[in-house]
Amino acid sequence: VLSPDGQRIHVVARSFAESLTLPLEQLRSPALFTIPEFEVRSFNLQIAAPANLRVHVRREAGRWFFETPVVARANTAAVKQAITLLSTLKVGAFLSQPPPPELNPATTPVFRITLGGNNRSETLLIGGAVPPAPDATQTVGQDAAYFAQIDGKATVFTLALSADLTETLRSAQDKLRETKILEMDPNRVTSIVLRAPNQAAITLQRLESTATDGAAQWQIVRRGGNNAPATQTADPAAVQRLLDLLSRFSALKFLRDAPTSADEEAWGFNSPEREIVIQTGADSPPVARAPGGASVAAGTQTLQIGVGGDRGPRAYARLDSARYVYEVDEEILKETPTDARAWRDRRLRELPAGARITMLRITDLATQKVIQERSLSADASGAGDLAPADASPEQKTAWQTLVAQLRSLRAKAFVADRYSESVVALGEERRWKYQIDLGIALSGGTAAQAGTQTLMITDRIGGGLQLAGSKELDSVFEIEQPFVDALWALTYAPPASETAAPAASPVNP
């Protein structure tokens, strides 16, 4: 290599000379979009006939929103993924001859894609698909090559598009749209109102106090006529399940962005099957967008669920802040009952740690016969002390389980709002079969306070169904399966002393 002044000759590698003779195709960059994903502020897509659709998505404060063809929230993750896939597109091959006019991206583009960044934008034109080779076989959903070019540049090239990206572009108004109907932070919800036709509304209200484990506490508020509101403690686990359900509640299909009055009537919105009003705290950020792009301030969101004339596995949902209608799973109606018993706290009684059980008696009310009765001495401790010395291992386990269930009494489900001397179960009125009396001693100060608590029990109605009632707790409820099994072992099984006699047989009391 001769130096510029012509005075020196340098010996260099042959690759230097070869690099000066590279063809133009190897010097061209295969990259299409140069705006990185984090810089993109807007995403515009124009789809040719027959859809003839324009889609405009804009980023605002780290989140994406549709501005056309409908004002709605976009799925931020889906938009980011689509932009990332577009940014990684590469040129397949540069063409020396233009494609046929019907496939030319400059004259008949199938897609016109524009990414807008900081004071710059880039547009990709995608034309028709490259005709396959005569001996090639194609299947539905297969990746395909298209003719393409950058807007404002004459160079035409081929471009490979995956089937998933092609489908996302063709159905961008659905694929990139946020399917979650409600935008809410469960920790900021202060109340939930559930309404149904011809039924009294109930309110689940968060209390300012919290449980010992830090969990939120809730109460049920019912209003009837001119009476003062009635309150009950709500089951925090059931309310948490509802909050999780609502925060994940998603559309199965986007039905109408501008439904007619006939559509709304056909989908049951003249008398919604369910109305769910969600109140959030005053310090919550804006959580939704209304038509026209205005933010809906934190406060109240009302979700309406309608059911069409042909009831099936699908229902219809909409928000009061927008007109568009979603198709949703009808299971939401079963998960949002307006019966206060479904939300009542299952914990009926929890004896304090210092409380001692001194006596347990089970009486058959039909014969007034005491089936089981055990007492504890003043210095006895532990549930196992109630079991007789000659009890079988199964009966000892039953005694332990029964005492544990009575110390921490829980309802599997509530069947009546108030206590009564009889209860209807499986279409039949049933009276109480057993009475359980529980002697309790509470140690406090220098003296112990003693008392007795009573629980009424029906006969076993089914394999896992047995009801209990309490005047003190003013409730009728199903008992849990361990309670059912323990009670069965102690009321129907013969005592251990009788099992040794061949003539003895269990007698149904």
Side-chain angles (χ1 to χ4, degrees), residues 207 209-220 231-238 341 343-363 370-388 391 395-416 418-419 432-458 466-491:
L207 300 177
S209 59
T210 57
T212 54
D213 58 358
Q217 291 186 308
W218 294 77
Q219 69 176 4
I220 306 167
T231 61
Q232 284 180 318
T233 303
D235 184 358
R341 288 175 292 183
W343 305 103
R344 187 173 171 182
D345 193 356
R346 303 308 197 258
R347 297 170 299 181
L348 293 170
R349 181 180 62 213
E350 191 81 31
L351 295 183
R356 294 180 56 257
I357 295 178
T358 58
M359 180 273 294
L360 195 156
R361 180 173 57 245
I362 305 175
T363 304
V370 175
I371 302 174
Q372 299 280 4
E373 183 172 14
R374 297 293 296 170
S375 299
L376 289 178
S377 60
D379 57 350
S381 62
D385 296 328
L386 277 175
Q395 284 195 317
K396 288 183 178 180
T397 301
W399 278 107
Q400 293 173 353
T401 301
L402 182 60
V403 171
Q405 290 286 317
L406 292 172
R407 286 192 66 93
S408 179
L409 185 61
R410 288 182 57 88
K412 181 179 178 181
F414 292 94
V415 299
R418 306 296 299 272
Y419 173 81
W432 302 117
K433 173 69 174 177
Y434 303 108
Q435 177 176 315
I436 299 179
D437 296 308
L438 193 68
I440 301 172
L442 299 174
S443 298
T446 58
Q449 299 176 349
T452 302
Q453 296 184 357
T454 300
L455 196 65
M456 313 300 288
I457 307 288
T458 66
Q466 196 164 7
L467 306 182
S470 170
K471 285 184 179 180
E472 302 159 355
L473 303 173
D474 195 19
S475 60
V476 177
F477 54 94
E478 294 182 32
I479 58 177
E480 295 181 320
Q481 190 65 45
F483 197 157
V484 174
D485 296 337
L487 195 59
W488 176 270
L490 296 178
T491 54

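Arg418 contributes no side-chain N or O that, together with a main-chain N or O of Ala416, makes up a donor-acceptor pair within less than 3.5 Å. Listed for the Gln232 side chain is no donor-acceptor partner under 3.5 Å among the backbone atoms of Ile220.
Partners of Gln453 according to the side-chain hydrogen bond (donor to acceptor under 3.5 Å, both in side chains) rule, which considers only residues two or more places apart in sequence or in another chain, are Arg349. Residues satisfying the salt bridge (Lys or Arg N to Asp or Glu O under 4.0 Å) test with Glu373, not counting sequence neighbours, are Arg361. Under the rule for a side-chain hydrogen bond (donor to acceptor under 3.5 Å, both in side chains), the partners of Gln435 that lie at least two apart in sequence or sit in another chain are Asp437. Take Asp345 and apply the side-chain hydrogen bond (donor to acceptor under 3.5 Å, both in side chains) test, not counting sequence neighbours, and it matches Arg347. Remark: Thr231 engages Gln219, Val221 in a side chain to side chain contact (heavy atoms under 4.5 Å, CB included) (not counting sequence neighbours).
The list of side chain to side chain donor-acceptor pair (under 3.5 Å) pairs with a residue in residues 403-413, not counting sequence neighbours, reads Glu350-Ser408.
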Item to check | Criterion side-chain contact (heavy atoms from CB on, under 4.5 Å) on Leu438 and Ile357, from CA distance to verdict | outcome: CA-CA 7 Å; Leu438 193 68; Ile357 295 178; 3.7 Å; yes

Next on the checklist: Under the criterion side-chain contact (heavy atoms from CB on, under 4.5 Å), I'd like the reasoning laid out for Leu348 against Phe414: C-alpha separation, chi angles, the key distance, then a yes or no.
Outcome noted: CA-CA 11 Å; Leu348 293 170; Phe414 292 94; 3.7 Å; yes

Next on the checklist: As a quick check of understanding, evaluate side-chain contact (heavy atoms from CB on, under 4.5 Å) for Leu490 and Leu402, giving each step before the final call.
Outcome noted: CA-CA 9 Å; Leu490 296 178; Leu402 182 60; 3.6 Å; yes

N/O donor-acceptor pairs under 3.5 Å from side chains in residues 477-484, not counting sequence neighbours:
residue : atom : partner : partner atom : Å
Gln481  : NE2  : Asp485  : OD1          : 2.9

